[in-house]
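This is a predicted model, so every value here is computed, not measured. Naming: A, B, ... by sequence-line order, numbering from 1 per chain.
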Number of protein chains: 2
Amino acid sequence: MALNDVEICEIHEVHADKVKMVKNKLPEEDEMYDLAELFKVFGDSTRIKILFVLFETDICVCDLAACLNMTQSAISHQLKVLKVSKLVKSRREGKSVIYSLADDHVRTIIGQGREHIEE
Amino acid sequence: MALNDVEICEIHEVHADKVKMVKNKLPEEDEMYDLAELFKVFGDSTRIKILFVLFETDICVCDLAACLNMTQSAISHQLKVLKVSKLVKSRREGKSVIYSLADDHVRTIIGQGREHIEE
DNA sequence: TTATCATATGAGCAGATGTTCATATGTTAA
DNA sequence: TTAACATATGAACATCTGCTCATATGATAA
């Protein structure tokens with residue numbers, strides 16, 4: 001029998017009614033999973049730095065790498081992650097590819113994060 | 001000589017002036033790093049689920065584990081991460097330890113995340 | 001005290017993640 | 001077309017992360 005813990009707990013003390021009530025109010029598994037995936041994207045300092053640069057200006061990969069003192073390859077890999085998550089979009093201009101913020105949730109989310117830290 | 005990429009780029013095309021301007025506007029390295037660390041905490045589905053439970057009610061470790069069908073140990077480890085990041089606080093009540101949300105930035109941050117996803 | 005319940009924690013392991021390196025793709029100019 | 005620049009990408013590797021298992025700590029009741 002799997003998940004013995006749950007069984008054992010119920011015998012003793014777990015408030016089965018409370019647990020059931022809370023379970024019903026939780027969002028879909030998928031939604032919570034996707035949310036975690038989104039925050040995972042914010043959870044890397046290279047990507048955060050990229051976003052801060054994009055707060056200031058649209059910019060090409062090469063300049064971005066220079067801003068952060070990192071290799072073009074490393075930046076490019078991370079830009080892809082940001083793009084798949086729709087936090088960033090890109091357009092081609094001649095030989096360069098210019099990246100920019102996809103929408104304003106990014107600013108809000110990061111803003112709230114900063115507020116939390118300032119305490 | 002290290003970081004050849006930057007050097008090479010400058011010879012050719014990088015907009016040194018633009019790069020310098022952006023660099024000046026960026027927050028402190030530490031702040032960006034801390035921000036990434038904060039979001040890293042949100043970037044795991046177990047922790048996200050814990051937070052959603054805490055949106056509904058204060059709850060003990062045992063009930064929390066039952067809600068998520070996970071072991072007490074796994075939950076306890078993650079609660080520690082959440083506590084160190086000040087997203088969650090705890091109080092003892094008899095044999096149990098009751099966890100609750102530390103403040104309301106958590107709701108706001110997660111709310112913005114959800115908005116971003118709904119698109 | 002001792003027994004039991006509730007939670008916390010350390011070690012170990014498997015899987016995920018970010019960077020580097022080499023190279024491929026795509027664009028422009030000659 | 002070819003050469004040079006700009007970006008993207010795959011593989012490899014080292015590090016990080018989250019879970020499990022065993023066990024320690026803490027609290028209560030008998």
Side-chain angles (χ1 to χ4, degrees), chain A residues 2-15 19 33 36-37 39-50 58-66 68-85 88-100, chain B residues 2-15 19 33 36-37 39-50 58-66 68-85 88-100:
Chain A
L3 273 175
N4 313 305
D5 269 286
V6 177
E7 315 287 339
I8 291 168
C9 271
E10 280 177 354
I11 293 167
H12 296 295
E13 191 48 44
V14 160
H15 308 86
V19 168
Y33 181 82
E37 289 303 300
F39 286 120
K40 207 170 282 184
V41 177
F42 288 96
D44 172 78
S45 60
T46 297
R47 291 191 292 266
I48 284 284
K49 286 176 194 171
I50 291 175
D58 296 4
I59 195 169
C60 68
V61 180
C62 183
D63 285 359
L64 202 35
L68 307 187
N69 295 310
M70 293 183 64
T71 65
Q72 175 270 319
S73 179
I75 298 298
S76 189
H77 277 294
Q78 298 304 345
L79 282 170
K80 180 157 195 181
V81 175
L82 289 165
K83 199 173 178 183
V84 169
S85 309
V88 146
K89 60 190 175 184
S90 67
R91 62 181 186 273
R92 199 168 250 290
E93 283 187 9
K95 281 184 281 187
S96 299
V97 176
I98 310 293
Y99 281 82
S100 56
Chain B
L3 273 173
N4 314 304
D5 271 284
V6 177
E7 314 287 338
I8 290 168
C9 272
E10 282 178 354
I11 292 167
H12 295 297
E13 191 49 42
V14 161
H15 309 87
V19 169
Y33 181 82
E37 290 303 300
F39 286 121
K40 207 168 282 184
V41 177
F42 287 95
D44 172 77
S45 59
T46 298
R47 290 190 292 266
I48 284 285
K49 288 176 194 171
I50 291 175
D58 296 4
I59 195 169
C60 68
V61 180
C62 183
D63 285 359
L64 203 35
L68 306 186
N69 296 310
M70 292 184 65
T71 65
Q72 175 270 319
S73 178
I75 298 298
S76 188
H77 277 294
Q78 297 305 344
L79 282 170
K80 179 157 195 181
V81 175
L82 289 165
K83 199 172 177 185
V84 168
S85 308
V88 145
K89 61 189 174 186
S90 68
R91 61 179 187 274
R92 200 171 250 288
E93 284 188 9
K95 282 184 279 188
S96 300
V97 176
I98 310 294
Y99 280 83
S100 57

Flag the pair A/I59 / A/I98 as yes when at least one side-chain heavy-atom distance between them is below 4.5 Å, and no otherwise.
no
Nearest 0.5 Å, what's the CG-CZ distance between A/L68 and A/R47?
13.0 Å
B/N69 CG to D/dT20 P, straight-line distance once rounded to whole Å:
12 Å
Between A/D44 and B/A36, which heavy-atom pair has the shortest distance, and what is it?
C-CB, 3.6 Å
Report the distance from atom CG of A/L79 to atom C1' of C/dT19, rounded to the nearest whole Å.
15 Å
What residues, two or more places apart in sequence or in another chain, satisfy side chain to side chain contact (heavy atoms under 4.5 Å, CB included) together with B/S85?
B/V41, B/L87
Considering residues at least two apart in sequence or located in another chain, which fulfil the side chain to side chain donor-acceptor pair (under 3.5 Å) criterion with B/S45?
none
Look for any protein N or O under 3.5 Å of an N or O in nucleotides 11-14 of chain C and output each such pair with its distance, or none.
none

My understanding is that only residues two or more places apart in sequence, or in another chain, count here; which of them pass ring-ring contact (aromatic ring centres under 6.0 Å, His included) with A/F39?
B/F42
Please pick, from C/dA6, D/dT7, D/dA8, the nucleotide with the shortest atom-to-atom distance to any side-chain atom of B/S96.
C/dA6
Its contact letters, B for base, S for sugar-phosphate only and - for none at protein heavy atoms under 4.0 Å, make nucleotides 22-30 of chain C read B----BS--
Please round to the nearest 0.5 Å and tell me the distance separating atom OH of A/Y99 and atom CG of A/D63.
13.5 Å
Roughly, in whole Å, what's the span from CD1 in A/I75 to C1' in C/dC21?
16 Å
Under the side chain to side chain contact (heavy atoms under 4.5 Å, CB included) rule, collect the residues that match up with B/S73, sequence neighbours excluded.
B/T71, B/H77
Should B/Y99 be listed as having a side-chain N or O under 4.0 Å from OP1 or OP2 of C/dA6?
no
Between protein and nucleic acid, restricted to nucleotides 15-18 of chain C and to nitrogen or oxygen atoms under 3.5 Å apart, what atom pairs and distances do you find?
unit_1	atom_1	unit_2	atom_2	d
C/dG18	OP1	A/R47	NH1	3.2
C/dG18	OP1	A/R47	NH2	2.8
C/dG18	OP2	A/R47	NH1	3.3

Listed once per pair and sorted, the salt bridge (Lys or Arg N to Asp or Glu O under 4.0 Å) pairs that draw on residues 89-100 of chain A, sequence neighbours left out:
A/D58-A/R91, A/R91-A/E93
note: A/R91, atom CZ; D/dA6, atom P; distance rounded to Å ~ 17 Å
Rounded distance (Å) that lies between atom P of D/dA6 and atom CD1 of A/I98:
11 Å
A/K80 side chain N/O closer than 4.0 Å to the phosphate oxygens (OP1, OP2) of D/dA8?
no
Answer whether the closest heavy-atom distance between the side chains of B/Q78 and B/V81 falls below 4.5 Å.
yes
In this structure, how many angstroms lie between the P atom of D/dA8 and the CG atom of A/L64, rounded?
11 Å
Check side chain to side chain donor-acceptor pair (under 3.5 Å) between A/K83 and all other residues, then give those that pass, not counting sequence neighbours.
A/S90
Can you tell which of D/dT20, C/dT20, D/dT9 lies closest to the side chain of B/A74?
D/dT20
